[in-house]
Every structure is written in structure tokens, then in C-alpha cells.
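Below, chains carry the letters A, B, ... as their sequence lines are ordered, and counting in each starts from 1. In this text, all values refer to a predicted model and were calculated from it rather than measured experimentally.
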Amino acid sequence: MKIVIAEKPSVARELAKVFGATNKKAGYIEGKGYSFTWAFGHLLQLAPPQDYGFYGWKQQNLPMLPTKFKLAVRKIKTKDGIVEDPAVRKQLNVIKSLFDECTEIIVATDAGREGELIFRYIYYYLKCKKPFRRLWISSQTDQAIKEGFRNLKPGSDYDTLFNSAHCRSESDWLVGMNATQALSISAGNRAVLSLGRVQTPTLAMICSRYIETKNFVPEIFFQVAIQLQKEESFFRAISAKNYKTREEAETIMAKVLDAATGNEKGGLIASVDAKAKKEPPPLLHDLSSLQQEANKKKGYTADQTLGILQNLYESKLVTYPRTGSRYIGDDVFATVPDLISKFTDHPLFGKDATFLLNNKLNKRSVNAKKVTDHHAVLPTGEYAGHLSSDRQAVYDMVVGRMIEAFHQECIKETTKIIVSSGSDFVANGTVIQSAGWRSVFNDNDEEKKDEDNATLPKVIKGESLAITNKAVLEKQTKPKPLYTEATLLKALETCGKDIEDEELRYAMKESGLGTPATRASIIETLIKREYIGREKKNLVPSKKGLAVYDVVKNKKIAQAELTGQWEKRLEEIREGASVKDFKAEITDYTKNITQELLAAGTGLYNLLKEA
DNA sequence: GCAAGGTC
């Protein structure tokens with residue numbers, strides 16, 4: 001008998017289905033000479049400090065550097081404190097007895113670093129010695145699964161991948177546990193002041209933006225606006241320059257040739273520049289883009305959206321939610337027309353779904369190379385029935401985005417008119433000529449509305465128009481807005497782009513800070529620690545958060561670059577580089593940061609005492 | 001009491 005172990009039940013079920021295994025047992029499915037079982041993500045975690053004899057939070061324990069890390073069954077919080085998760089223990093027992101019976105293990109955890117770690121931690125914890133081979137697929141279509149099983153890889157091919165995953169895991173423990181205790185102890189052990197490779201740079205981003213915004217001194221500037229008339233329609237043009245003083249602007253306004261100055265038609269059209277602009281449809285959603293949209297449109301937190309989406313996934317209405325890819329492969333694309341056909345009667349999207357069935361689908365979101373562990377979020381096409389309003393809203397975002405993504409380009413005409421009347425004035429206009437994908441939700445770019453005349457009348461270069469009104473506008477420069485969950489998620493994904501070193505930027509390009517599965521919980525952690533709070537949609541640091549930021553802001557642990565450096569080294573390890581060197585560096589760094597923080601928390605001591 | 005990672 002062979003055992004196939006997947007990362008989660010849904011994948012094990014899919015694999016069993018393809019094999020025709022149907023005998024459902026407790027914790028696995030049996031049939032055709034195979035048993036298909038599963039984990040629930042990480043079943044095992046690195047044991048906490050007390051398991052190595054580091055009791056209490058004491059300076060003399062620091063730095064805590066276990067010579068050999070231990071694994072412990074995942075814990076949950078109950079009213080009786082933190083206990084082993086009984087469901088996890090039960091599943092481990094199932095896996096153990098299957099491992100004992102089998103002749104071979106087929107590893108079908110997700111095709112990535114953490115998937116490898118999930119399996120290896122189980123394998124080593126159970127002290128299993130059975131041979132294993134690796135299934136490496138990135139979509140769960142029948143075709144991909146069959147192909148994957150024909151091409152099982154030797155388990156040892158992924159030893160270096162495990163090494164890199166193992167280093168990631170232990171390094172996060174070493175830096176996080178030690179830094180957290182060091183800062184908490186030096187601040188008087190009054191509260192948990194957690195620090196970590198991901199949460200601390202995230203806190204730093206929120207704090208530095210907050211401080212920047214608070215210290216922002218707006219600059220006042222002036223513009224001159226004129227209103228022009230072309231036959232029955234009016235439009236507005238704004239001075240091409242901004243002016244520092246009202247006097248300057250008034251001087252410019254005085255030169256405008258309007259009716260009051262005796263000019264019937266004093267606005268000369270100096271140029272008309274019309275361009276067709278093609279806007280491709282947006283990509284399909286990954287978790288992060290969906291969380292951003294749900295935060296913008298409905299005000300849901302990242303955590304709420306993840307919960308709702310998980311719920312839809314468990315109801316088999318959407319595909320796997322914790323994906324970081326916005327693409328699908330050709331195998332999934334082949335199922336899209338059928339999927340779209342399920343929505344031709346949909347009250348919101350039916351018209352566009354029907355349109356798509358009769359037209360060539362846009363393939364912008366189809367790229368097998370950009371599908372990583374999972375593909376983009378799609379509806380499954382199962383009948384949805386009645387959903388609660390929040391589930392309906394998120395489901396509609398998934399369905400609507402699918403319709404958009406395969407739709408045609410939106411074609412706009414943008415027009416820039418320069419009017420000369422004493423000085424130069426500019427009018428911008430945008431007209432949608434063919435809505436394409438924009439017909440799905442029918443909402444337009446929010447950003448530009450302010451400055452743009454939606455439509456401009458047809459004018460020709462050289463003609464003169466009457467100026468019917470003029471005014472000086474007082475404006476001020478605005479600070480960057482505080483982070484909302486939507487903009488923070490975006491920043492976590494792309495913080496690599498702010499990094500100057502090219503190699504580090506490359507190392508972070510694929511990952512950013514945190515992962516799709518963890519970003520919501522990072523925000524929740526910062527809130528739980530009372531480092532930040534929510535004010536309307538904004539994320540605002542507390543006094544405590546700002547004080548912690550002040551202590552760590554110039555240290556490596558507060559920089560996103562730290563993740564970039566690690567990712568670069570972890571990738572080298574995956575390619576075969578020494579694990580020992582990296583571990584030595586991490587140990588050194590742990591010692592340094594621990595010493596620094598033990599000496600740094602005195603200011604925090606007073607702040608926490610007051611509170 | 002603590003990290004970051006995965007998932008119900």
C-alpha cells in the first residue's frame with residue numbers, strides 16, 4: 001500500500017477522486033492500492049523556549065540558542081490555557097499508522113518551501129524511515145494530477161529545499177523569541193513587546209508614515225481657473241503653472257481675456273491633443289488584491305476577508321484562497337468557458353458573461369509560468385444559492401473579477417486642450433469609447449475625477465472661444481495618506497520596490513514581506529499587542545507602538561531589507577550552498593540584537609509604568 | 001507571555 005499525503009484535506013480529496021479511491025475513513029481516503037491522507041497546514045512547530053530549559057523571561061537565559069531544535073504538536077488557546085490541538089494530535093496518529101503500514105510515501109504537500117517543511121517535520125517527528133517520492137504540481141486538474149503522478153521525483157531532490165525551509169523556520173524563532181524577550185525584559189517585563197522579522201518592519205512602515213504625515217507642513221499654492229463656452233457646452237481649464245502667492249495668481253487672472261475685458265472670444269485654442277488609450281483588463285484576484293478591494297469597497301479587514309473567503313472555499317464555491325498568484329495555467333483556462341457559462345443568468349454579470357461566450361477571451365491572466373503553489377482565485381461554478389450579505393459581496397468580487405479578466409480592453413480617448421488667454425491653461429478630458437471590461441462593475445477611476453472634465457466638447461486648434469468665468473483657486477499640498485489595510489497590504493507585497501540594492505530587491509520581488517496566508521494575521525498581531533489601532537479605515541500607531549518603533553527604527557530588525565537578505569541566502573541554500581554559514585550568521589545576529597535590546601528598553605520602562 | 005509559517 002502506498003500513502004499519499006497532502007497539505008490539506010481538499011487536495012487529498014481531489015487526488016483520491018482522480019485515482020477513483022472512494023472509501024472514506026477517519027482522516028484518510030482509501031482505494032486502488034493507495035491511502036490519501038492530509039495535514040492541516042503545519043501540524044508541528046518549533047518547541048517553545050521552556051522545552052529547552054529556558055524558564056520564565058529572564059536576562060540570564062538570553063540569548064536562547066538551542067543546540068538542537070525540538071518539534072512540538074501545534075497548540076491552540078482554550079480557556080484552560082494553551083494546549084495541544086486535539087484535532088492535530090488525532091490526525092498525526094492517523095498519519096503515523098498509515099506511515100507504519102505503507103511501502104512508500106508520496107509527498108503531495110504544496111509545491112513550495114513551506115509545503116516541503118510541512119511534510120518533513122511530520123516525517124522526522126514520527127521518526128519515519130519509509131522511502132518517499134515527491135509530487136510537484138501547481139494545479140489540481142485531472143490532467144495535471146495524472147501528469148504529476150507519472151513524473152514523481154525522488155524525495156532527495158528536495159533536500160536542499162527542506163534545508164532552506166528549515167533555516168527560515170529556525171531563524172525566525174531565534175531572532176523573534178530572543179528579540180521579544182530582550183525588549184520585554186529591558187522594559188521591565190510589564191507587557192509582551194513582540195518583535196519579529198516581518199511584524200517589526202510592518203510596524204515601522206505604519207509608524208514612519210504616521211510621523212511623516214503628522215509632521216507634514218502643507219504648502220499653499222494658487223491656480224487660476226477659467227470657464228470656456230463652446231456653443232451650448234461649458235468646460236473648465238486650469239492655469240498650466242501653480243503660483244506661490246495669491247497676488248501672482250491675480251496678476252495672471254487679470255490678463256485673462258474674458259467678456260469683462262472687452263473680449264468676446266478671448267480664449268484661443270492653442271493645441272488639441274487627442275489620444276486613444278487602451279486599458280487592459282485587471283488580472284484575476286490573488287488573496288491580497290481581493291483583501292485590498294474588499295477593504296476599499298466594503299471596509300472589511302484583511303482578516304475578515306480571509307475568513308469569508310475560507311468559508312466560501314469550504315462551501316466549495318471558490319478555489320483555494322491563500323494564493324499569491326494572479327494567473328492560471330492553460331489547463332485551468334480550458335475550463336473557463338464552461339465556468340463563465342454558469343453565470344449567464346447572473347443578475348449583475350449575466351450580460352457580460354454572455355458577451356464573453358460569443359467573443360475571444362482575453363488571455364492576460366493566463367501564464368503557467370506565473371502560477372506558483374496555487375493559481376488565482378476563481379469561482380468553482382457550483383451553485384451558490386442564498387449567501388449572507390458579506391459572503392455574497394466577496395463571492396461577487398471573485399465572479400466579477402473573473403468576468404473582467406477575460407473581457408476586452410477598455411478603450412478611452414484622452415484629450416488635452418491648451419488654451420491661450422494671457423497665459424496658458426490646460427483642460428483634460430477622458431471619454432470611454434468602448435467600455436470593454438469596465439462594463440462589468442461600471443465604476444470608473446476614482447482618482448482622476450477631480451481634475452478631469454469627463455467629456456470635453458469638440459474644439460479645433462486655432463478657434464477662439466468665449467471665457468465666461470474666471471477665478472483664483474487656493475490649494476494646498478497634501479501629505480501621504482495614512483496606511484489603510486488595503487494600502488498596507490499593497491505595501492507589504494511591493495516593499496521590495498523601495499529597496500535600493502538590486503540583488504536584495506530581486507530576492508524580495510517574488511515574496512515581499514510576509515506571505516498571502518500570513519499578512520492578515522500580522523496586522524492582527526500588531527493590534528493585539530496594542531502597537532496599532534484602527535481609526536475608521538486607517539491604521540494608526542499607539543504611544544506604545546511609536547515607543548517600540550523609536551527603539552528599533554535604526555536596527556536591522558525594523559528593515560524590510562532583512563527579509564530580502566534572508567531570501568537571497570535561502571535561495572542559495574536551495575541551490576546547494578552551505579547551511580552552516582547561514583546559521584552562524586543568524587546566531588551572531590541573534591547575539592547582537594539581544595544585547596542591543598537589553599540595553600535599549602529603559603525609555604519604554606517609564607512609558608509602560610505610566611500606563 | 002514570545003516568531004512566522006501553514007490551515008480548519
Check: Using a cut-off of 4.0 Å on non-hydrogen atoms, how would the nucleic acid contact of Gln199(A) be classed: base, sugar-phosphate, or nothing?
Finding: sugar-phosphate
Could you tell me whether the side chain of Arg134(A) reaches within less than 4.5 Å of the side chain of Thr109(A), counting heavy atoms only? yes
* Are Arg519(A) and dA4(B) close enough that a side-chain N or O sits under 4.0 Å from OP1 or OP2? -> no
- Assign Tyr55(A) to base, sugar-phosphate, or nothing according to its heavy-atom contacts below 4.0 angstrom with the strands shown. nothing
Any base atoms under 4.0 Å from Gln50(A), or only sugar-phosphate, or nothing? Heavy atoms, all strands. base
Glu524(A) CD to dA3(B) C1', in whole Å, measures 17 Å
Here the distance between atom C1' of dC2(B) and atom CD of Gln45(A), to the nearest Å, is 12 Å
Subject >> Salt bridge Glu524(A)-Lys528(A), side-chain N to carboxylate O under 4.0 Å >> reply: no
| field | Step-by-step salt bridge (charged side-chain N to carboxylate O under 4.0 Å, His left out) determination, Asp286(A) to Arg401(A) | value | CA-CA 11 Å; Asp286(A) 64 7; Arg401(A) 174 52 60 88; over 6 Å; no
Report yes or no: is the cationic atom of Arg209(A) (NZ for Lys, CZ for Arg) under 6.0 Å from the centre of the six-membered ring of Tyr483(A), at an angle within 45° of the ring normal?
yes
Q. With a non-hydrogen cut-off below 4.0 angstrom, is Leu43(A) in contact with a base, only sugar-phosphate, or nothing?
A. nothing
*asked:* Applying a 4.0 Å non-hydrogen cut-off, can you work out what Arg113(A) is touching in the nucleic acid: base, sugar-phosphate, or nothing?
replied: nothing
Here the distance between atom P of dC8(B) and atom NZ of Lys75(A), to the nearest Å, is 21 Å
* Asked: Within the structure shown, what part of the strands sits under 4.0 Å from Pro9(A) by heavy-atom distance: base, sugar-phosphate, or nothing?
  -> sugar-phosphate
Salt bridge (Lys or Arg N to Asp or Glu O under 4.0 Å) pairs touching residues 179-205 of chain A, sequence neighbours excluded, are Asp172(A)-Arg197(A)
Between CG of Asp51(A) and P of dG1(B) the distance, given in whole Å, is 13 Å
### Message
For a quick test of reading the model: is some side-chain N or O of Ser194(A) closer than 4.0 Å to OP1 or OP2 of dA3(B)?
### Response
yes
Please work out which of the three classes, parallel, tilted or perpendicular, describes the rings of His42(A) and Tyr121(A), given edges at 30° and 60°. tilted
Exercise for the section: Side-chain contact test, heavy atoms from C-beta onward, threshold under 4.5 Å: evaluate it for Tyr34(A) versus Ile106(A) and give yes or no. Expected result: yes
Of Gly196(A) and Tyr320(A), the one whose closest nucleotide on DNA chain B sits nearer the 5' end is Gly196(A)
Check your understanding: Within the structure shown, what part of the strands sits under 4.0 Å from Val198(A) by heavy-atom distance: base, sugar-phosphate, or nothing?
Key -> sugar-phosphate
Side-chain contact check for Lys8(A): nearest option of dG5(B), dC2(B), dT7(B) is dT7(B)
Of the listed dG1(B), dC8(B), dA3(B), the closest approach to the Ile82(A) side chain comes from dG1(B)
Whether Arg120(A) contacts dG5(B) is assessed here as follows: a side-chain N or O lying under 4.0 Å from the phosphate OP1 or OP2. Is that the case?
no
Open item on the list: Whether Gln310(A) contacts dT7(B) is assessed here as follows: a side-chain N or O lying under 4.0 Å from the phosphate OP1 or OP2. Is that the case?
Closed with: no
Regarding the side chain of Arg322(A), the nearest nucleotide among dC2(B), dA3(B), dT7(B) is dT7(B)
By nearest-heavy-atom nucleotide on DNA chain B, the more 5' of Ile522(A) and Lys77(A) is Lys77(A)
Sorted by number, residues from residues 172-190 of chain A placing a heavy atom under 4.0 Å from DNA chain B are Asp172(A), Trp173(A), Gly176(A), Met177(A), Thr180(A), Gln181(A), Asn189(A)
| message | Tell me whether Ser315(A) contacts the main-chain N or O of Leu317(A) through its side chain, where contact means a donor paired with an acceptor under 3.5 Å. | response | no
